[in-house]
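Right, one structure below, let's go through it.
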Protein chains: 2
Amino acid sequence: MSTTPSQRDLQKARTRRALLDAGLGLLKEQSLSSLGLREITRAVGISPAAFYRHFRDVSDLGVALVEESLGSLHEVIRSGLTEHTEDAERIDHLVGAIAAYVRAHPEHIRFVASERHGGVAAVRTAIAAELDRFAAEVAGLLAEDEVSRGWSTEDLRMLGETYVDNMVMTASAFLEAAQGDGPASEAVAHTARRQLHLISLGRRHWTTSGQTSGA
Amino acid sequence: MSTTPSQRDLQKARTRRALLDAGLGLLKEQSLSSLGLREITRAVGISPAAFYRHFRDVSDLGVALVEESLGSLHEVIRSGLTEHTEDAERIDHLVGAIAAYVRAHPEHIRFVASERHGGVAAVRTAIAAELDRFAAEVAGLLAEDEVSRGWSTEDLRMLGETYVDNMVMTASAFLEAAQGDGPASEAVAHTARRQLHLISLGRRHWTTSGQTSGA
DNA sequence: GGGTTCAGTAAACAGTTGTGTGCCGGGCGC
DNA sequence: GCGCCCGGCACACAACTGTTTACTGAACCC
């Protein structure tokens, strides 16, 4: 199947990585729509024209960063939700996992948080699609709990979105804590746990019939 | 007290408005950190140098936009929470109020959503401060419900933050709906109502003693 | 070993940017 | 009515931007 990595492809992949890393690094202090192509190549140490060998655009590089940033998170969440079934344990584990992920990949999280509603349409779309997948995945996992018996897929979907939104906000709050703004890391974790607990309580008392009036 | 508006101050205020409006308009398609000073003055029809008579920076203009965007929202929320006390009614009213606000001031909402985690530190800080005030305000209003009897101020605060986060997400979802991306407006409203109901249910069954382990 | 492929180069292109200077001219206070 | 105030202007500055062009040279395939 997969033939030799071919030393030339290897070098290409290496500078591609360098471009991605440099871009991500520069995004600590600005947003994607103001990130310059020359700025990136300068940081890497290659000529501006060489950029086009790897990406068509800066926003193209941005889209590539989305996958990279969110890809490895799926497994984290999956394990966070399946390893425990008891509420309190599960919440502790999940919040801890998010904190660990933020600590391990702060720039990726910052990138997603900034560009989720940022100025580059293609990137916004890519992030929205990825978060949608997360919501569906979470909904699927939560559907297996006994508590979810009889829930409509629509309600499960709503629950998944609530979880995902909450997780993104929490991750972003951890980030701010890590860099000194806002409340400290433990305070963020404390709040996040209580918020998840609140949702979890609501879930347990959810009645499956329609609760609110129609559109 | 307030002396005459002094026709000259009046003209100054008028071009200041024009600058703010032009800036806000241009932010539909990009983010603040890439918004150029010349771009703004060009849209208004004045010379670049004239910009400095009103703002020191583009980010200075951004900070001014924050107040403007979020200032008028306080009253909306206050009335949305106080006019009804019954859960379902209150939720309907609140979601409706958010939808109306987004329809009335779409650019302002887009601005806040983009720049909340955007690249300009001063603006980020200003938005965070304003949203903090919202959370405190919501917490204060919810404290008056019978359901909140015995809640610690810390828990109330957490509840307020949950509400505010949810409202921001909802507003942003309405915005995407209005411009064709994502689900339609009624679907957003439907999801938002169910999410608020979920939180409301959790609130009703919240037990005042510590639920989760320490930090 | 010879020809081809291709990541990276250097240079030039026409625009753009933020900021500083000096100056005008109409509303203002006296 | 005179003189100051001050919002706005024109112009110049150096620095920067994205993109194209023709090129080099090393790894590649046969």
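Throughout, protein chains are lettered first and strands after them, A, B, ... in sequence-line order, and every chain is numbered starting at 1.
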When L37(A) and R53(A) are each assigned the nearest nucleotide of DNA chain D, the 5'-most assignment goes to L37(A)
If I take atom [atom1] in residue [X] and atom [atom2] in nucleotide [N], what distance separates them, rounded to the nearest angstrom?
X	N	atom1	atom2	value
F51(B)	dT21(C)	CZ	P	19 Å
R16(A)	dG8(C)	CZ	P	12 Å
L19(B)	dG7(D)	CG	P	13 Å
I46(A)	dA10(C)	CD1	C1'	14 Å
H54(B)	dG18(C)	NE2	C1'	17 Å
K12(B)	dC6(D)	NZ	C1'	8 Å
Q11(B)	dC9(D)	CD	P	10 Å
R42(A)	dT9(C)	CZ	P	14 Å

Side chain of R38(A) (C-beta onward), nearest among dG8(C), dC9(D), dA12(C): dA12(C)
If you only use heavy atoms from C-beta on, which nucleotide in dG8(C), dT21(D), dT19(D) is closest to the side chain of Y52(A)? dT19(D)
Count the heavy atoms of every other residue, nucleotide or ligand shown that sit under 6.0 Å from CD of E67(A), and state whether that count exceeds 12. no
Are E176(A) and R124(B) close enough for a salt bridge, meaning some N to O gap below 4.0 Å? no
Are the charged groups of D165(A) and R116(A) less than 4.0 angstrom apart, N to O? yes
Please round to the nearest 0.5 Å and tell me the distance separating atom NE2 of H117(B) and atom CG of L175(A). 10.0 Å
Expected string for nucleotides 25-30 of chain D under the B/S/- scheme (protein heavy atoms, under 4.0 Å, primed atoms plus P, OP1, OP2 as sugar-phosphate) is -BBS--
If we count only N and O atoms by modelled type, under 3.5 Å, do the side chains of Q179(B) and R110(B) hold a donor and an acceptor together? yes
Test your reading of the model: is there a side-chain donor-acceptor pair from S59(B) to the backbone of V120(B), 3.5 Å cut-off? no
Quick one: does V63(A)'s side chain get under 4.5 Å of E68(A)'s, heavy atoms only? no
